[in-house]
Amino acid sequence: MAYNFKEIEKKWQDKWDKEGTFNASNDFTNSKKWYGLIEFPYPSGQGLHVGHPRSYTALDIIARKRRMQGYNVLFPIGFDAFGLPAENYAIKTNVHPKITTEKNIKHFTDQLKSIGFSFDWSRVINTTDPEYYKWTQWIFIQLYKHGLAYKATMPINFCTGCKVGLANEEVVNGVCERCGSPVVQKEKSEWMLKITKYAQRLLDDLDDVDYLEKIKVQQRNWIGRSEGAEVKFKIANSDEELLVYTTRPDTLFGATYMVVAPEHKLIEKLANRITNLDEVKEYQNKAALKSDFERGEMNKDKTGVEIKGIKAVNPLTNEEIPIWVADYVLSSYGTGAIMAVPAHDTRDFDFATKFNLPIVQVVAPTDNSNVELPFTDVETGVSINSGFLTGLSVKDAKQKVIEYLEEKKIGEKKVNYKLRDWVFSRQRYWGEPIPMVYCEDCGWVPLDEKDLPLTLPDVKDFLPGENGESPLARHTEWINTTCPHCGKPAKRETDTMPQWAGSSWYYLRYMDPHNHEALASKEALEYWSPVDWYNGGMEHTTLHLLYSRFWHKFLYDIGVVPTKEPYAKRTSHGMILGSNGEKMSKSKGNVINPDDIVNEFGADTFRVYEMFMGPFDQPASWSMDSIRGCFKFLDRVWHLQDILVDGDTYSKECEKMMNKAIKKISNDIEDMKFNTSISTFMTMVNEFVRLKRINKAEFKTFLTLLNPFAPHITEELNEIIGADKPISSYEWPVYDEAKTIDEEIEIPVQVNGKLKCTITIALNEDDDSVKEKVHKAIDDKLDGKVIKKEIYVKNKIYNVVVK
RNA sequence: GCAGGUGUGGCGGAAUUGGCAGACGCACAGGACUCAAAAUCCUGCGAAGUAACAUUCGUGUGGGUUCGACCCCCACCACCUGCACCA
């Protein structure tokens, strides 16, 4: 009988669908729960990408294993359906995003089901469903009420293509992450979320979660904590002060000039004393026209203008030093002004060299040798030419100078973060409306919670406004409302939320997706929290992961969720590349469509191949040849039924292999080493074929182990061999450690570290007996050389050193 | 520039973490089956070398530690991924 995967897969998928086989239990008395989460897809018009199933299959394997281990498993799926592509498509074709989204979700659902994932389809969520975004809006209102959402006019990244404000995270190399158009700076009034208030906790609590180390590193870098000091510099002959932030207060004696960012307020304040105001203004204007990217481009010559007419006073040396304006100082970090220490900072050094500014060395290596400047080593440095700091190590000097500054009230210890507040407004239609109303008398007022959801009005015209206004801004009948506070006429916010909003809390909704009273019930949250294992792409480590941790911590603070962290464990999969090793894209013509693969080889082969491709966390190139090998493997598995013999226990010749395999595969799955699990399966099949027999007990265990990887074929074979219940209801096989150990082993014998031969010994054979065997084997190969030393590592290796 | 990662046959990759390098798969070659092809099955497959053994070389490069190194240490090269004038 041939392996008819089409028939088999359809049969089991229909059965699972009809019976809801994999729905998580709502019985919370079962204390053993496991919550596995994959990043829910954006239902794009292109359909499922072959990259999605890599992550989904991996967690599906773990979820299926957990069920067999007796856990109540929650393994949900949903759709992150707000976003630009549907809206851009609507602009082009005038098809409402709601229709496109619905169609795409249908398509995705069919595709996902055709691969046999054990998702709980009774819990599907969709971020564009008013019943869902009602709670997204509710969270926003809570943020607002707790002072974490505020409106600010600030320069934002404005995409000239999408005509929309972008978060810093969405700007890549000066262009829009989505459409590739240039991004310029624009002043706009935007809703902001105060993620910076949580910076320290987002950093600290990384110690309590099990994330891949590289994910933690990226989060830490993104938060970018640094310790230093703020120092006040007096402006000579004035009451004004210039506040700077520095991580090297120990180098204060070497500060030979100051630099302020072009946007710094000092220039305005002291405008009447500046003798070259025109020149300074011209520089400011030029800087304003440059994008952040242009300003930040490396290896570019530093530019700047001295602000003449005013001087700053170094608080330690009392020397008057010049003040410059230069765009290498950013207004958005620290205080927007720096003290420049050219001898010990490469940027200041470049600038000082270009403009002939004095360079004073104040730190030297411990041995006081001459070094090339700038000398930036903080580990070995010792203060010199620094008054009361001279002779101290960098660390001690920092400590001492901060004490001094604090005592004299001219400065204080200060921690800074690179993390910025989250720009939360989007001038777009296809997003959650921000549930805020502006009243002339009351200012910004949140909607009453009982009036949620604030639904997105149906519009016919999706073009953004000329000035980057939201398409909703043209909808006067929707905009005009009454103030929830005083009842007077008022206007709605027309901006919508970014795509990150809905995905910042979706894992909570899965716990109780049909709840009308709350985002999820207390019981469900208590029972299912936290997510036990979350797998997703590295591209989401700095944005989505950080945002959702922030929202979660906030919800924890206001008593909504029971845990500090949303995800106990986070892993990450490597990207699937085209067969040419490049990222799959339509323009490169190297896109593989999952439907074609499922059609030609079947879902089981597709799953096995994606797991066999290579190490899970590393990128892998698609190979049509390799996938045939996986099909061949399953075909061999199918034909094992032809050599099936009776037997209720493992046969003598296979007992060891079976026990070893259970151990290896069980461990491999936990370590996400799926590729070596599959090698183990292949080795087993080769052995059964070589022996021309497999007994029932062996086959049953084999099928159970393979079931999470290839669920359809294994269920079918299980039925064929007369099982009375499906594998998904079996217990995960256990092994007997004693039966994984060989009592007779082969060990290598080396002479001077080079392999000469191998000998067979009993496990734990006594050393003298082993020695005797070794000498019998190699004594005639020594060419009369003298044995100097013999090393025997028990049961491992025997090495003879000769001369 | 900083941080992290990777480098092993023709290719994808294994290696119990310091102990027989190349498991498993692909490709390739030979054979069986077939009128023939495909599929399937069997055998071989790092390089040099030999009739065949033997032997030598071999995990990006150069050095080191060790009885023994893909694995540890030092220096370097190449590629990938983040971040990037963050004071």
Side-chain angles (χ1 to χ4, degrees), chain A residues 2 172-173 212-218 220-222 224-226 228 244-248 251 255 259 261 292-293 295-300 302 326-330 332-341 344-348 350-351 416-420 538-539 541-542 574-575 581 608-609 612-615 617-630 632-633 635-636 639 660 663-664 667 673 675-686 689-690 746-758 788-793 795-802:
Chain A
V172 177
N173 288 338
L212 281 186
E213 194 50 36
K214 62 175 170 181
I215 295 174
K216 288 191 184 184
V217 167
Q218 277 197 27
R220 288 195 191 107
N221 287 348
W222 193 264
R225 181 194 151 99
S226 75
V244 300
Y245 173 71
T246 176
T247 53
R248 293 293 306 276
T251 61
V259 187
D292 252 5
F293 177 64
R295 281 172 63 167
E297 245 188 335
M298 271 293 267
N299 303 329
K300 226 169 45 178
K302 297 230 174 343
D327 65 4
Y328 82 92
V329 170
L330 308 173
S332 51
Y333 184 76
T335 62
I338 62 158
M339 64 177 210
V341 186
H344 306 290
D345 180 285
T346 41
R347 296 151 304 181
D348 298 345
D350 291 346
F351 193 79
N416 253 323
Y417 302 91
K418 288 191 210 170
L419 188 70
R420 309 292 155 79
M538 278 310 282
E539 68 274 21
T541 358
T542 44
M575 202 190 295
V608 166
Y609 172 62
F612 187 60
M613 288 178 94
D617 59 346
Q618 276 165 48
S621 303
W622 191 268
S623 158
M624 271 306 179
D625 282 332
S626 283
I627 198 170
R628 271 178 208 109
C630 292
K632 218 157 91 180
F633 159 66
D635 193 44
R636 279 157 72 89
H639 286 288
K660 279 185 179 175
K663 181 178 181 178
K664 169 91 179 132
N667 292 338
K673 290 164 86 173
N675 52 335
T676 51
S677 305
I678 292 168
S679 301
T680 307
F681 286 122
M682 288 170 168
T683 311
M684 289 170 89
V685 172
N686 289 347
V689 168
R690 191 184 69 83
E746 212 176 65
I747 63 161
V749 178
Q750 298 181 332
V751 175
N752 287 346
K754 292 221 160 96
L755 179 73
K756 285 296 161 190
C757 61
T758 60
K788 300 279 287 181
K789 198 171 167 187
E790 294 179 44
I791 294 136
Y792 176 47
V793 182
N795 300 325
K796 282 273 185 188
I797 196 166
Y798 201 105
N799 192 13
V800 181
V801 186
V802 301

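Every chain is numbered from 1, with letters handed out A, B, ... down the list of sequences.
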>> Within the 4.0 Å heavy-atom criterion, would you say Asn799(A) contacts the bases, only the backbone, or no part of the nucleic acid?
In response: base
> Is the base of G9(B) syn or anti, if syn means a glycosidic angle within 90° of 0?
Replying inline: syn
> How far does the C1' atom of C11(B) sit from the matching atom of U66(B), given to the nearest Å?
Replying inline: 35 Å
>> Using atom P in both nucleotides, what's the gap between C2(B) and C76(B) to the nearest angstrom?
In response: 11 Å
>> Any base atoms under 4.0 Å from Arg636(A), or only sugar-phosphate, or nothing? Heavy atoms, all strands.
In response: sugar-phosphate
>> So Thr758(A), base contact, sugar-phosphate only, or nothing? Heavy-atom distance under 4.0 Å.
In response: base
>> Please report the distance separating the C1' of U59(B) from the corresponding atom of A15(B), rounded so that it comes out in whole Å.
In response: 11 Å
> If we take the P atom in both A47(B) and C53(B), what is their distance in whole Å?
Replying inline: 14 Å
>> Considering every strand and a 4.0 Å limit on heavy-atom distances, what is the contact class for Gln750(A): base, sugar-phosphate, or nothing?
In response: base
>> Rounding to an integer number of angstrom, what distance separates U43(B) and C80(B) when you compare their P atoms?
In response: 42 Å
> Touch check for Lys632(A), heavy atoms < 4.0 angstrom, all strands: base, sugar-phosphate only, or nothing?
Replying inline: sugar-phosphate
> What is the nucleic acid contact for Val793(A), judged by heavy atoms within less than 4.0 Å: base, sugar-phosphate only, or nothing?
Replying inline: base
> In terms of side-chain heavy atoms of Leu330(A), which of A87(B), U6(B), A3(B) is nearest?
Replying inline: A87(B)
>> Between Arg628(A) and Asp625(A), does any side-chain N to carboxylate O distance fall below 4.0 Å?
In response: yes
> Checking all strands, does Phe612(A) fall into the base, sugar-phosphate, or nothing category for heavy-atom contacts under 4.0 angstrom?
Replying inline: base
> Aromatic rings Phe633(A) and Phe681(A): how do their planes relate, parallel, tilted or perpendicular, breaks at 30° and 60°?
Replying inline: tilted
>> Considering every strand and a 4.0 Å limit on heavy-atom distances, what is the contact class for Glu746(A): base, sugar-phosphate, or nothing?
In response: base
> Closest heavy-atom contact between Lys418(A) and Arg420(A)?
Replying inline: O-NE, 3.0 Å
> When you check the side-chain N and O atoms of Tyr609(A) and Ser623(A), is any donor under 3.5 Å from an acceptor?
Replying inline: no
> Looking across every strand, which nucleic acid part, if any, lies under 4.0 Å from Lys789(A) by heavy atom: base, sugar-phosphate, or nothing?
Replying inline: sugar-phosphate
>> Roughly how many Å apart are C70(B) and U16(B), using the C1' atom of each and rounding to a whole number?
In response: 15 Å
>> Does Asp348(A) reach a base, just sugar-phosphate, or nothing at all? Heavy atoms under 4.0 Å.
In response: nothing
> Do the side-chain N and O atoms of Tyr798(A) and Thr758(A) include a donor-acceptor pair separated by under 3.5 angstrom?
Replying inline: no
>> Applying a 4.0 Å non-hydrogen cut-off, can you work out what Gly629(A) is touching in the nucleic acid: base, sugar-phosphate, or nothing?
In response: sugar-phosphate
> Of the nucleotides A3(B), C83(B), C85(B), which one has an atom closest to the side chain of Tyr328(A)?
Replying inline: C85(B)
>> Using the side-chain heavy atoms of Leu755(A), tell me which of these nucleotides is nearest: C67(B), A87(B), C20(B).
In response: C20(B)
> Does U6(B) fall in syn (glycosidic angle within 90° of 0) or anti?
Replying inline: anti
>> Counting only side-chain heavy atoms from C-beta out, which of C20(B), G4(B), A23(B) sits nearest to Lys214(A)?
In response: G4(B)
>> Under a 3.5 Å cut-off for both contacts, is C20(B) paired Watson-Crick or G-U wobble with anything, and if yes, with which nucleotide?
In response: none
> NA contact type, Lys673(A), heavy-atom cut-off 4.0 Å: base, sugar-phosphate, or nothing?
Replying inline: sugar-phosphate
> Is Ser621(A) touching bases, backbone alone, or none of the nucleic acid, heavy atoms closer than 4.0 Å?
Replying inline: nothing
> Phosphate oxygens OP1/OP2 of A87(B): is one of them under 4.0 Å from a side-chain N or O of Tyr333(A)?
Replying inline: yes
> Does Thr676(A) put a side-chain nitrogen or oxygen below 4.0 Å from OP1 or OP2 of A23(B)?
Replying inline: no
>> Aromatic contact between Trp222(A) and Tyr417(A), with the criterion being ring centroids under 6.0 Å apart: yes or no?
In response: no
> Are Asn675(A) and A14(B) close enough that a side-chain N or O sits under 4.0 Å from OP1 or OP2?
Replying inline: yes
> Looking only at atom C1', what distance separates C77(B) and A84(B), rounded to whole Å?
Replying inline: 24 Å
>> So for Lys302(A) and C85(B), does any side-chain atom that can act as donor or acceptor lie under 3.5 Å from a complementary atom in the base?
In response: yes
> Which whole number of Å gives the distance between the P atom of G10(B) and that of A48(B)?
Replying inline: 10 Å
> Cationic tip of Lys302(A) within the cone over Phe351(A)'s six-membered ring, i.e. under 6.0 Å and within 45° of the normal?
Replying inline: no
>> Need one value for Asn686(A): base, sugar-phosphate or nothing, where a base atom within 4.0 Å counts as base even if backbone is also close, heavy atoms only.
In response: sugar-phosphate
